[in-house]
Undergrad: 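Got a structure for you, questions after.
Note: hydrogens, waters and symmetry copies are ignored here, and every other heavy atom, side chains too, is used.
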Amino acid sequence: MSDEENEVDEVTDEERQQIAQHFLLSSPPGQFHEVLSDVKKLLPEGLIGEPLAAGIARAFNSKTNKVVTTPGGAKVPICAAGELDPTRYVDPKSGQSYALDHLSLKTVEDSTPSNQDASLENERAALQSALDAYVVSRFVCEDAAGGAYAKDGKIVAVVSGERPNLRNFWSGRWGSTWTIQLSGGQATISGDMKVHAHYFEDGNVQLQTSKPIPATTIPYSSEAEFAEQVIARISAAEGELQTALEEMYASMNEETFRAMRRIMPVKRTKMEWNVNAVRMNKQVRK
């Protein structure tokens, strides 16, 4: 092989940054800063500066609907529908805006005007109250919240919960986003659910799954009935996914793992587990 064929193209700093961003956006639940610290050690000093890290953190927080605590003490999920600009968001529970540091997740009060659709406020507010009750009844982790946002003529509902337990080598995140179009006493709702679990004691095992939910139209005659119907749809879909995951885990030992291993070794002969027979075989070979 010639020297030219052995040559490897030098990786540019821009390509290194793109690779680093891929790893960071794929961080397991509750481990963004751990991954960021490791990535920085692998790259030339200063290549991942504060502005770049903050930009990646913003994308990660929006992608995973990271739950933060507002200046008023409320738990809310980060999402594009509630974004005023890259560092300012609407609190769906109070209607006030707040500024967010994407790296530290600290929030401070802000006076930026809301960008929410006032014509949908009654339905949005009713759904927000219903989401708050739903999250309390379904999530046991502290970092869990629901948010209802009205923008561009539609309502977006977000449910997000994350539970990192790094001392015991596991973490998990559950999230769903729902888009609701209202027209003439009917609401058309579609959604997408995502689950990410990580277990890393003596290994590194991750589960990532997503499930799109097709559009369904539901009638309503009041804001309260609208909220009730939407929550019923969300509850049913999330319940189906959880049941499917539980059934998968129950059958994994008998079906998945068995399908992964060979019935017979490559040599097409059964393994001889008799210790004496193995020793005798070794002696004969000598």
Undergrad: Does anything in residues 79-137 pair up under ring pair (Phe, Tyr, Trp, His ring centres under 6.0 Å), and if so which pairs, sequence neighbours excluded?
TA: Y89-H102
Undergrad: Stepwise, does the side chain to side chain contact (heavy atoms under 4.5 Å, CB included) test hold for Q208 with Q206?
TA: CA-CA 7 Å; Q208 295 190 65; Q206 296 193 51; 4.1 Å; yes
Undergrad: Determine, step by step, whether L131 and V159 satisfy the side chain to side chain contact (heavy atoms under 4.5 Å, CB included) criterion, reporting the C-alpha distance in whole Å, the side-chain angles of both residues, the deciding distance to 0.1 Å, and the verdict.
TA: CA-CA 8 Å; L131 280 172; V159 177; 3.9 Å; yes
Undergrad: Taking only residues two or more places apart in sequence or in another chain, which ones pass side chain to side chain donor-acceptor pair (under 3.5 Å) with S171?
TA: Q31
Undergrad: Compile the donor-acceptor pairs under 3.5 Å between side chains in residues 34-42 and protein atoms, sequence neighbours left out, one pair per line.
TA:
none

Undergrad: Return yes when atom CD of E142 has more than 12 non-hydrogen atoms of other residues, nucleotides or ligands closer than 6.0 Å, and no otherwise.
TA: no
Undergrad: Can you tell if the side chain of L245 reaches within under 4.5 Å of the side chain of Q242, non-hydrogen atoms only?
TA: no
Undergrad: Run the side chain to side chain donor-acceptor pair (under 3.5 Å) test against D152 and tell me which residues pass, sequence neighbours left out.
TA: none
Undergrad: To the nearest 0.5 Å, tell me how far R124 CZ sits from Q116 CD.
TA: 6.5 Å
Undergrad: Can you find a side-chain donor-acceptor pair between S190 and T179 that sits under 3.5 Å?
TA: no
Undergrad: Looking at every heavy atom in both P92 and A148, which two are closest together, and how far apart are they?
TA: CB-O, 3.5 Å
Undergrad: Listing request: all ring pair (Phe, Tyr, Trp, His ring centres under 6.0 Å) pairs with a residue in residues 103-123, at least two apart in sequence or in separate chains.
TA: none
Undergrad: Output a table of donor-acceptor pairs, distance under 3.5 Å, between side-chain atoms of residues 47-59 and any protein atom two or more places apart or on a different chain; print 'none' if there are none.
TA:
residue	atom	partner	partner atom	Å
R58	NE	E83	OE1	3.4
R58	NH2	E83	OE1	3.4
R58	NH2	E83	OE2	2.7

Undergrad: Counting only N and O atoms by type, is there a donor-acceptor contact under 3.5 Å from the side chain of R16 to the main-chain atoms of V11?
TA: yes
Undergrad: Can you sort out the partners of K75 under salt bridge (Lys or Arg N to Asp or Glu O under 4.0 Å), two or more places apart, ordered by chain and number?
TA: D143
Undergrad: Quick check: are there more than 12 heavy atoms from other residues, nucleotides or ligands sitting under 6.0 Å from CD of E201?
TA: yes
Undergrad: Taking salt bridge (Lys or Arg N to Asp or Glu O under 4.0 Å) as the definition, give me every residue that meets it alongside D202, ordered by chain and number, with sequence neighbours left out.
TA: none
Undergrad: Looking only at non-hydrogen atoms, find the nearest pair between A145 and P77 and report the distance.
TA: CB-CD, 4.0 Å
Undergrad: S97 side chain to T112 main-chain N or O, any donor-acceptor pair under 3.5 Å?
TA: yes
Undergrad: Using 0.5 Å steps for rounding, measure from the CD1 atom of I19 to the CD atom of Q21.
TA: 11.5 Å
Undergrad: First locate atom CD1 of I180, then atom CD1 of I189, and finally report the distance between them rounded to the nearest 0.5 Å.
TA: 4.5 Å
Undergrad: Determine whether the side chains of D132 and Q128 contain a donor N or O and an acceptor N or O closer than 3.5 Å.
TA: yes
Undergrad: Give me each pair satisfying ring pair (Phe, Tyr, Trp, His ring centres under 6.0 Å) with a member in residues 196-215, each pair once, sequence neighbours excluded.
TA: F169-F200, H198-F200
Undergrad: Of the non-hydrogen atoms in C79 and Y149, which two are nearest, and what is the gap between them?
TA: SG-CE1, 3.3 Å
Undergrad: Are any of the side-chain nitrogens in D192 or K211 under 4.0 Å away from the carboxylate oxygens of its partner?
TA: no
Undergrad: According to side chain to side chain donor-acceptor pair (under 3.5 Å), who are the partners of W178, at least two apart in sequence or on a separate chain?
TA: S176
Undergrad: Any side-chain to backbone donor/acceptor pair from E15 onto T12? Under 3.5 Å, distance only.
TA: yes
Undergrad: Within the 4.5 Å heavy-atom criterion, are T243 and E247 side-chain neighbours or not?
TA: yes
Undergrad: Could you pull out all residues at least two apart from K151 that satisfy salt bridge (Lys or Arg N to Asp or Glu O under 4.0 Å)?
TA: none
Undergrad: Search all heavy atoms of L103 against all heavy atoms of D101 and return the closest pair with its distance.
TA: N-OD1, 2.9 Å
Undergrad: With a 4.0 Å cut-off, would you call E123 and K154 a salt bridge?
TA: no
Undergrad: In residues 220-231, what donor-acceptor pairs under 3.5 Å come from side-chain atoms, sequence neighbours left out?
TA:
residue	atom	partner	partner atom	Å
S221	OG	E225	OE1	2.6
S222	OG	E225	N	3.2
E225	OE1	S221	N	2.9
Q229	NE2	P219	O	3.4

Undergrad: So which atom in S27 and which in F60 form the shortest heavy-atom distance, rounded to 0.1 Å?
TA: O-CE1, 3.8 Å
Undergrad: Of all the heavy-atom pairs spanning A99 and D110, show the shortest one and how long it is.
TA: N-CB, 3.8 Å
Undergrad: Does the side chain of E162 pick up a donor-acceptor pair with the side chain of W174 at under 3.5 Å?
TA: no
